[in-house]
Amino acid sequence: MDVYRALTDIPNLPGSVVTMGTFDGCHRGHQEIIKRLVEKSHELKIPSLVISFSVTPESFFGRPKARLSSFRDKHSFLKSMGVDKHLLIRFNNGFSQISAESFVENILVEKLKVRYCFIGDDFRFGKDRLGDYEVLEKLSKPNNFIAENVGRVSLEGRRVSSSEVRLCLSLGNFSMVER
C-alpha cells in the first residue's frame, strides 16, 4: 500500500474509488466501508484510496478525543484489508477553510479522479462541516462519479462507531468493545 502525506505527492491516477474519514479504531463500521471500497476498486479495475487525517479535525478545533489506534495500527489495518493507497492530509487552518464544493471539485474530482465514493452515515466534510451525504450525492452527478452512503452498522441495537467504542471503554464494557 502506498502512503502519501500530501496531495502533491499523489501520482496521476487513472481514476479512484475513495473513502474518507478518521478511521480511528478500525471497528466493524470501518471494516464494512473498507470492504466495499476494495470490492468496487477491483470491479472497476482502478485503485482504492483512503483519505484520513494526521491531525484529526476534532483535535485541530480543540475537542481532542482519546485515540483508539495509532497511525501504524490504522496503516496495518488498511493494508490488511487490501487498500491500494492511503492519503494522509494534515488538517490545518487552510484545509479547514475549503468548502465542501471545492473539496469535491478540486480534490476528489480533479486530483483523485474519483469514480466512486463511499462514506459512513455520519461523515461531514468541508468548511463548517456543511458537506454531508446529500451534498456529496448532489455534486457527484455533474462530476460523473457515484456517491454511496454505506449506512449504519449496528450491533445489539447500538450504532457501531468510534464514539461508542470510547463510551464502552469508559464504562468498562470490554466484551462489547471486543465485539
Side-chain angles (χ1 to χ4, degrees), residues 1-57 60 68-92 94-96 98-127 129 131-133 135-151 153 161-162:
M1 178 175 67
D2 299 321
V3 177
Y4 304 99
R5 296 190 180 270
L7 276 166
T8 54
D9 295 342
I10 294 181
N12 191 21
L13 298 172
S16 64
V17 179
V18 174
T19 190
M20 48 196 152
T22 305
F23 295 98
D24 189 22
C26 308
H27 54 65
R28 288 179 185 217
H30 294 146
Q31 291 170 31
E32 181 62 24
I33 292 169
I34 299 301
K35 181 183 92 171
R36 291 171 72 176
L37 173 88
V38 170
E39 286 172 354
K40 184 58 73 174
S41 160
H42 290 160
E43 177 187 320
L44 297 176
K45 296 179 176 46
I46 54 177
S48 57
L49 189 144
V50 172
I51 300 171
S52 66
F53 308 98
S54 60
V55 172
T56 65
F60 176 79
L68 298 173
S69 57
S70 67
F71 170 75
R72 183 172 295 163
D73 291 339
K74 184 187 312 188
H75 177 77
S76 294
F77 162 72
L78 295 172
K79 187 175 182 178
S80 74
M81 294 284 295
V83 171
D84 297 312
K85 300 181 182 308
H86 183 190
L87 171 59
L88 195 61
I89 292 177
R90 182 162 178 79
F91 196 94
N92 57 29
F95 190 80
S96 74
I98 298 172
S99 71
E101 293 80 7
S102 290
F103 180 82
V104 169
E105 292 168 3
N106 299 327
I107 296 174
L108 293 183
V109 174
E110 187 177 315
K111 181 64 180 170
L112 303 178
K113 296 180 179 65
V114 66
R115 297 218 2 242
Y116 212 102
C117 184
F118 291 96
I119 61 168
D121 66 331
D122 64 342
F123 185 73
R124 307 289 291 208
F125 67 101
K127 185 177 189 228
R129 297 176 41 99
D132 58 10
Y133 175 70
V135 169
L136 187 65
E137 185 179 41
K138 178 181 154 202
L139 294 170
S140 71
K141 290 174 177 61
N143 287 295
N144 201 30
F145 71 93
I146 297 170
E148 184 175 329
N149 184 336
V150 173
V153 174
S161 69
S162 298

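This chain uses plain numbering: 1 for the first residue, then up along the sequence.
Partner of L49 under the side-chain contact (heavy atoms from CB on, under 4.5 Å) criterion, chosen from L108, T19, V83, L112: L112. Just one of L13, V50, V18 meets the side-chain contact (heavy atoms from CB on, under 4.5 Å) condition when paired with K85; it is L13.
Taking CG of N106 as the reference point, atom CG of L7 lies at 10.0 Å (rounded to 0.5 Å). Here CZ of R124 is found 4.5 Å from CG of D132. Values are rounded to the nearest 0.5 Å. Rounding to the nearest 0.5 Å places SG of C117 at 11.0 Å from CG of L139. Between the OG atom in S140 and the CZ atom in R115 there is a gap of 13.5 Å [rounded to 0.5 Å]. Distance check: L87 CG to I107 CD1 gives 8.5 Å after rounding to the nearest 0.5 Å. Rounded to the nearest 0.5 Å, atoms CG (N149) and CG (L136) are 9.5 Å apart.
Contact detail for F123 and G21: the closest heavy-atom pair is CE1-CA, 3.7 Å. Nearest heavy-atom pair across F145 and V114 is CB-O, 3.4 Å. In terms of heavy atoms, I10 sits closest to K111 at O-NZ, 3.1 Å. The nearest pair of heavy atoms linking S48 to V38 is OG-CG2, 4.3 Å. The two atoms that bring K113 and E110 nearest to each other are NZ-O, 3.9 Å, heavy atoms only. Of all non-hydrogen atoms in K79 and M1, the two that sit nearest each other are N-CE, 3.8 Å.
Using a 4.5 Å cut-off on side-chain heavy atoms (C-beta onward), V104 and V109 make contact. In this structure, K35 and M81 have side chains that are in contact, with non-hydrogen atoms separated by less than 4.5 Å. Side-chain contact between I119 and M20 is present, with heavy atoms from C-beta onward closer than 4.5 Å. The closest side-chain heavy-atom distance from F118 to I34 is not below 4.5 Å.
Residues passing the side chain to side chain donor-acceptor pair (under 3.5 Å) test with K74, sequence neighbours excluded: none.
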Notebook entry, point to check: Do R36 and E39 pass the salt bridge (charged side-chain N to carboxylate O under 4.0 Å, His left out) test, and can you show the C-alpha distance, the side-chain angles, and the key distance before you say yes or no?
Noted result: CA-CA 5 Å; R36 291 171 72 176; E39 286 172 354; 6.0 Å; no
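Classification of the F125-F103 ring pair by plane angle, with boundaries at 30° and 60°, yields tilted.
A distance-only check finds no donor-acceptor pair linking the side chain of S41 to the backbone of L37 [under 3.5 Å].
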